[in-house]
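Written out below as structure tokens is the structure these notes cover.
A note on names: the letters A, B, ... follow the listed sequences, proteins ahead of strands, and every chain is numbered from 1. Predicted, not measured: the structure shown is a model, and the values here were computed from it.
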Amino acid sequence: MALLEMKNMTMRFGGLTAVSDFDLTFQGGEFMGLIGPNGAGKTTVFNVASGFYKPSQGNVVFKGKDTRGLKPHGVTALGVARTFQNIRLWHELSVLDNIRIAQHYRMGYNLMDCFLRTKRYKRAEAKIDSIAWQLLEQLDLKRYAEEKPNNLPYGLQRRVEIARALSVQPDLLLLDEPAAGLNSADVDGLIKLIRWIHKEFKLTIWMIEHQMTVVMSLCEYIKVIDFGRTIAEGTPSEIQQNPAVIKAYLGDSEI
Amino acid sequence: MLESLIQNVLNALQWGSYYSLIALGYCLVYGVLLLINFAHGDIFMVGAFIGLGVATFFLGNLGPEFGLSGPVVLALTIPLTMILTAAVGVTLERIAYRPLRRKGAHRLYVVITALMCGLVLENGNLAILGASRRSFPQLIPTQVYDFGLFSVTNVKIAVILAAILVFIFLQFVVTKTKMGMAMRAISWDKFAIPLMGIPVDSIIVFTFILGSGFAGLAGVLFAMSYPVLEPYMGAMVGWKAFIAAVVGGIGDIRGAFAGGFLLGFVEIMVVAVFPSTMRDLISFTILLVILTWKPTGLFGMAKTTKI
Amino acid sequence: MAIRNDPGATIRAGETLATSGFDLRNLSVPAILLIAFVGLLAACMTGALNLYMQTVLMFMGINIIMSTSLNLINGNMGEFACGHAAFMAVGAYVSSLVTVIMFTQSKFGAPLLPPELTLLAFPLALLIGSLAAALVGLLIAIPSFKTRGDYLAIITIAALYIVKSAIENIDAIGGARGFMGMRRVTNAMEQTLDLPWMVIWIFIGTVFTVWIIRRYVSSTYGKGVMAICQDEVAAEIMSVNTNHIKLVTFMLSSGLAGLAGGLFAHVLGYINPGSFTILKSTEALVMVYLGGMGSISGAVMSAMLFTLLLESLRFIIPWIDQLLHLIHVLPAGYEISQVWKWVLIPLLLILLMQFRPEGIMGNRELSDIFPRLRKFYKFK
Amino acid sequence: MYLQVDNLRVKYGNIEALHGISFTVEQGEIVTLIGANGAGKTTTLHTIMRLPPPEAPKVVSGDILFKGKSLLNVPPHEVVDKLNIALVPEGRHIFGNLSVEENLQLATYGRKGDPTIAKDYQRVYDLFPRLAERRKQRSEQLSGGEQQMLAVGRALMTKCEFIMLDEPSMGLAPLLMYDMFRTLKQLNQEGLTILLIEQNANLALKFAHRGYVLDTGEIVASGPCSQLRDDPEVKKAYLGG
Amino acid sequence: GCGGDEQKPASQEGGNIVIGFNIPLTGDIPKVGESSRQAAEMYLQQVGGKIDIAGKPYTLKFVYEDNESKAESAVNAQLKLIEQDKALGIIGPMASKQAVPGGEVADANQTPMIAPWSTNPATTTDRPFVFRACFLDPFQGPVVAKFATEEFGAKKAAVLFDVASDYPKGLAEFFKAAWEEIHGPGSVVAFESFTTKDQDFSAQLTNIIRSGADVLFTPQYYSEVALIVKQAKELGWNKPIMGSDSWGSAELMTLCGDACKGYYFSTHYAAAGATGKTKEFIDAFKSKYGYVPDDVAALTWDALGMMVQAVQNAPLTGNLAQDRVAVKDALAAIPSYEGITGSMKFDPQGDPVKSAVIVKINDAGEFEFFKSVAP
Ligand SMILES: Nc1ncnc2c1ncn2[C@@H]1O[C@H](COP(=O)(O)OP(=O)(O)OP(=O)(O)O)[C@@H](O)[C@H]1O
Ligand SMILES: Nc1ncnc2c1ncn2[C@@H]1O[C@H](COP(=O)(O)OP(=O)(O)OP(=O)(O)O)[C@@H](O)[C@H]1O
Ligand SMILES: [Mg+2]
Ligand SMILES: [Mg+2]
């Protein structure tokens, strides 16, 4: 069974078709890139995949389940986690709490347990805590556990966002422009981190990115869309040579 | 049945006009600062009292005699009241809201401050002028035009016209002028306004002048048709006008205008059709249903969350 | 990489993990509360606190319940709900109806239960009132799925008007005339066992409220509320069932307001729809924002401060008047009367906001301001 | 001297963010400011603009001179309107409730009756054809990159002679990014002075004439770009592998 | 207990008599509090701050507490007066919303209280320490109904009242019952209501005009009356309008102007053409405050008079608790008090037995005695 299957997915906003006839299948374990000019519909595809938008047309099936009837938190619970193009951390909560709350679906206790602090509550909280601390450790964020994300440098905020997504323990991780706003030196670190995550957690990763160094060094397979339509797909080297992609997206790097 | 229907439509139009006039002021300030200016109802009250003071002065009841006729006094009272009320609004902005804004306070703190300012205006008036109600002098004789089926007074017609004119004026200002554009832009992102070469504070002051000025106008008109003035007269109308503004879609001039009339119609028609003891029960249920059906009000733009 | 604060100082990993095992700090709060409780009882019984002071304390407790519970929605969840008085009214009417029907000779007939049972049944009646209020809270929670911010404010105001108008229209519970008979219930309690029962119940109710809210917001479950406040979209996408959390939060908050209402009704012995107007909601709002959004200790402190301020002005205003006359600032005929109270209070609050534009506590708790307190008691 | 920043020390609350930096920009130049995240680049620009509280960083000492005149007591809207300095802020800050066209219009607030406005519109739409297509759309619905275009376009609509760009390439697709830099270069040749902050240091150093390297509130290196590009220290710390 | 000014034993040269006022100085009905307070201050001034009890001069001390028109605040104020200020007796609260719980507190703490203005029967029911100075709704409603029937020959009546305020609501209901008793069910053809602080009544009045009623009864406060009457006329109403004692304020005429002339209302006393004590009171009040006193002022005056008389009659011992009981007994025992609002005595519930008058607003805008109606 495929992990994620999108068939003929079309997304319209009023008169505007943001994505049309998008097809994609993940078997599990891939590292896929999604690139395309601004406004091509990349984020929209992610929004559909994470259940935030219901597609106007077409199917989205995750682990054999049609996600169109699910609310976003339900889709996440199935195993899709994501980061956002503009960082969306809960800025008034500590880094640790950010990572705790993302495990909400897995709490497994109810309001009464919460009031009475039952065994079940304590067990669940301990588990949540241990997962959170483990992730902080692995992503080298432990020092900032009690810090508010707002007070962290941009690069670290990106990392916290990735940690938060990982705490969902997803099967599919969607990264929306993880390198945006990072300086060249930090980008190198990020590439290493993502590669390590891909291996360590045995995840399927799907990434949108405009920085070609990142895309080319990480992705095994790339899909290019423009005006909501797929214009090319293939391995990084194929894409770099593809005249349509160069014309619509890569352009001429001479300034 | 028909006659009372026409009569009630007229009643609703007039009553709705007041809600509209006040809601427009709410909406302006909200549209710029996202501040629910809970003092607005009380600024309206202050407007009525200022109107009373100005009118009494020109009628010669406070000292110097001018020997002016009623309509002349009215013609003087309206602009003067609008100016003075605007000054009150701007003063509140300067001494209470602006410092908070400067300190970057959460917007709800400004809302609470506004609520407190309203209380100060109400109770300050009570403490200074005493609890006696004031009667607004009759500046122009009330003409009752009785058409058999229904009757209507000159003041009623004037009020409805005033509401419509104010609406058209404000709608023009907000949608067609750069000033209006700046006003809308501030509510979205105050930070970037100076980068466009626009002085934020002047725009805000301008908004308060408009909003409070028209509250003053509403005050005078209100005092002419309901000539009993008391310090708490603005509180209830203020809350309801706020409700009207939101049901219309807060932040949108059309919404405030339509919301005001809608509330007027609902309140009057519910009384006309149902037992009047149930008025609040039924009219607010209707408003709730409207909001459930259109969660952002009649004209409100759903804020799409772009991820 | 530059970090604003020294990161080392904030590491408390070990501390947070070590939640099991016996700890003396677990006992410090119950001990303090017990001492306070016994002291309060003794003071009431010996007359060290006269009835007036007792009543002020009781209203203080009720205000604490109101402000902490509203804080859950307005502070933690970041909504702007202005209809808290409606839930209070529902709680007040329902629990009063229960006790009056059960224990007194009223127009609903003879008492159904012997008065000795009042002591046992009173908390139950309060619970029923709270549940009823929570149910009404549910009705508001449902529109809140789709509506946020100022639109929700209107929904809550509309609900307030609807509840008030509904009560006015039900003649069986007195309509605008109000409803009474609760005094006989409280008297029955005192006859069964001669203690200042309302003081006791309010003390318990207040502690219960703060306790339950603390437990709620300090759990991962309850922290979903804060996540919704700061970024609802992110919360929903990061697996928080936002509708569920909103529902629970609204019901919890309105249920506790209902509890406040039940206590209020039994302290006064008489309720009237006119007591639950938008002004009552406004007071609760003021207490929440004065305390600081999302801070429980702030809400408690501001409720105490607000109640005390309101009462103390009864004494302070005459002093001011005397003083001003003494130094001949005021003409002999003019007196600063209590009318000025409601000018002074908002002015004071406006000033306070200017100096602390984030409320007394901001969104911090006492333990954040005095970290050393953690040594003495546990906050979890 | 066109723009001269002189020993500028700046605080946020009690934390000093700039520890006395000095740099200059000459008329007609392109100068870039590079440095790690949190180095204080944005702070520098905000200080020059004198943005109003609560965002405003507080100047402890030092001065900012523009054409010999101190900017420290000029309100921000006058910096834009009277001194013709424009800023493309970090994080776009477009007005989401206005249409694309209105956003551009608003930037001409102080240019009543200026005949060159129409030409400027055309220039922006030529540069970013995407914006022309989306002219009537509420700008909050634009994609991230489109919003960035709008932010740059908007700054160009003020009567600017000196433009400061804070990470303009963030979120832009390569094609557009190169297009934009080419256009900026062309504008520079027509007389626009540019101060650029860019995370992509390689690109910035290729684009600009001179550069300054900022590290935790201090300038640690400066010089012509070609020189900086070859500096091993700079290479190691900022240009990546 | 708390220290402070304990009453001196009666054997010494007099002492302090503290009387508390629990009145709404702010909130919904600040005018009520102000009027009451003005009457009290005038009283204090007239007696020179002293009263004689058994030949000894006592200092009379009034404490005014604001109850903000809120029930809980009224309870606090009441307890403060009882516990902190050691009031011997209490005047107020005014509106029933505060007087019912206020009476509860006074009774529980064995402190005599006279509510001058509360008409809710619950205020005094089964509360030996609680009295009132005004007549109750069950009395006034039928008086008006009977009068309107006889005077105008009206057959169908309309009522307009505030459903959220218990005084008008109660009176409206009693009037309706009385009217339907005379003219049969359905003869009240319009029973319209609004909510406190409403200012527009056009929809209700439109209904009323359409209903074909012969007379409109509106037991509202004078500020609302002015609006109601004006709007009714604007909508074409030209039949009689009747009111209740809450119309009885000189302010009615300043607010209403000519519009109210020719209408009738039932009340305690007629200001125009008043004689004796009543006239003295009105003249004194008018010269002091510049306007004719309203019903609140008059009722406060009478309540105060009865309280003082009871204090003078009671055997004071200096023990506050005993004195309070004695004052209560003295109040209940007053045989007949000649007040400015008529002569009255308390029935066993503590409600006054007094007669009503019907007042006509004449063309000079004065409240002219028209007819007296005994219970
Ligand atoms: N909620 C919405 N309502 C209307 N239009 C929308 C909405 N969301 C996206 N769009 C439109 O859909 C198109 C695709 O947007 P999307 O955010 O997916 O682009 P993108 O490929 O992620 O671009 P970028 O690289 O700039 O982030 C854009 O033109 C945008 O204006
Ligand atoms: N509003 C603020 N309040 C307090 N500190 C701030 C504020 N803005 C920035 N800082 C701090 O000032 C320092 C410099 O920040 P600045 O934003 O200028 O860096 P930058 O070089 O622009 O970084 P980036 O590349 O992430 O945009 C950082 O340590 C940052 O945390
Ligand atoms: Mg995108
Ligand atoms: Mg920056």
Side-chain angles (χ1 to χ4, degrees), chain B residues 27 30-34 97-107 109-110 173-206 249-255 296 299-307, chain D residues 13 45-46 49-56 74-99 101-112 137-144 146-147 150-151 154-155 157-160 163-164 166:
Chain B
C27 178
Y30 185 91
V32 173
L33 293 177
L34 295 185
Y97 308 157
R98 187 182 292 184
L100 277 184
R101 228 178 27 245
R102 285 274 160 81
K103 292 184 186 115
H106 190 284
R107 87 182 175 91
Y109 281 93
V110 191
V173 167
V174 167
T175 55
K176 294 285 185 292
T177 65
K178 275 190 196 159
M179 184 71 103
M181 239 176 251
M183 287 161 71
R184 280 181 290 150
I186 288 182
S187 72
W188 189 272
D189 195 332
K190 235 187 308 223
F191 171 83
I193 290 287
L195 301 183
M196 307 292 102
I198 303 170
V200 180
D201 285 335
S202 327
I203 304 280
I204 291 175
V205 166
F206 176 70
I250 187 148
D252 191 298
I253 296 289
R254 290 166 303 163
T296 51
F299 289 90
M301 183 69 102
K303 200 175 167 186
T304 45
T305 20
K306 183 81 180 52
I307 308 187
Chain D
L45 296 200
H46 285 189
M49 285 311 285
R50 307 299 308 129
L51 283 169
E55 297 91 346
V74 186
H77 61 95
E78 284 186 8
V79 173
V80 176
D81 203 35
K82 299 245 160 67
L83 302 172
N84 306 343
I85 303 180
L87 169 68
V88 178
E90 184 179 39
R92 298 163 197 156
H93 290 283
I94 55 150
F95 303 115
N97 56 343
L98 304 187
S99 68
E101 193 167 27
E102 284 174 325
N103 263 283
L104 297 179
Q105 250 176 330
L106 195 58
T108 64
Y109 190 84
R111 300 175 64 180
K112 282 187 196 83
Q137 196 169 340
R138 243 170 104 89
S139 55
E140 65 170 337
Q141 291 165 350
L142 298 179
S143 83
E146 289 164 342
Q147 293 188 359
L150 182 56
R154 203 177 54 173
M157 289 306 296
T158 63
K159 47 180 175 184
C160 62
I163 188 168
M164 304 190 287
D166 199 346

* Asked: When rounded to the nearest 0.5 angstrom, what is the spacing between CG in Leu195(B) and NE2 in His46(D)?
  -> 7.5 Å
* To do: Measure distances from Ile193(B) to the heavy atoms of chain D and classify the residue's part below 4.5 Å as side chain, backbone, both or neither.
  => both
* Asked: Do you know the tightest heavy-atom contact between Gly197(B) and Tyr109(D)?
  -> O-CD2, 4.1 Å
* Quick one: do Met196(B) and Phe95(D) satisfy side chain to side chain contact (heavy atoms under 4.5 Å, CB included)? Show the steps, please. => CA-CA 11 Å; Met196(B) 307 292 102; Phe95(D) 303 115; 4.0 Å; yes
* To do: Identify which part of Ala86(D) has an atom lying under 4.5 Å from any heavy atom of chain B, answering side chain, backbone, both or neither.
  => neither
* **Option that, when pairs with chain B are counted at under 4.5 Å, heavy atom only, ranks first among Asp81(D), Asn97(D), Thr158(D)** => Asn97(D)
* Structure fact -> By side chain to side chain contact (heavy atoms under 4.5 Å, CB included), Arg98(B) pairs with (sequence neighbours left out) Glu93(B), Arg94(B), Arg101(B), Arg102(B), Asp201(B), Val205(B)
* Asked: Can you say whether Lys103(B) sits under 4.5 Å from chain D via the side chain, the backbone, both, or neither, judging by heavy atoms?
  -> backbone
* To do: Among the options Ala192(B), Gly104(B), Pro194(B), Ser187(B), pick out the one with the most heavy-atom pairs lying under 4.5 Å from chain D.
  => Pro194(B)
* Looking at Leu106(D) and Ala185(B), what are the two nearest heavy atoms and their distance? -> CD2-CB, 3.5 Å
* Proximal component of Leu87(D), with respect to chain B [non-hydrogen, under 4.5 Å] -> both
* Answer with side chain, backbone, both or neither: which region of Leu142(D) has an atom nearer than 4.5 Å to a non-hydrogen atom of chain B? => backbone
* Which residues satisfy the ring pair (Phe, Tyr, Trp, His ring centres under 6.0 Å) test with His77(D), sequence neighbours excluded? -> none
* Structure fact -> Rounding to 0.5 Å, atoms CZ (Phe191(B)) and CG (Leu51(D)) come to a distance of 4.5 Å
* Structure fact -> To the nearest 0.5 Å, atom OG1 of Thr108(D) lies from atom CE of Met181(B) at 8.0 Å
* Structure fact -> Rounded to the nearest 0.5 Å, the CD atom of Glu102(D) sits from the CZ atom of Arg184(B) at a distance of 4.5 Å
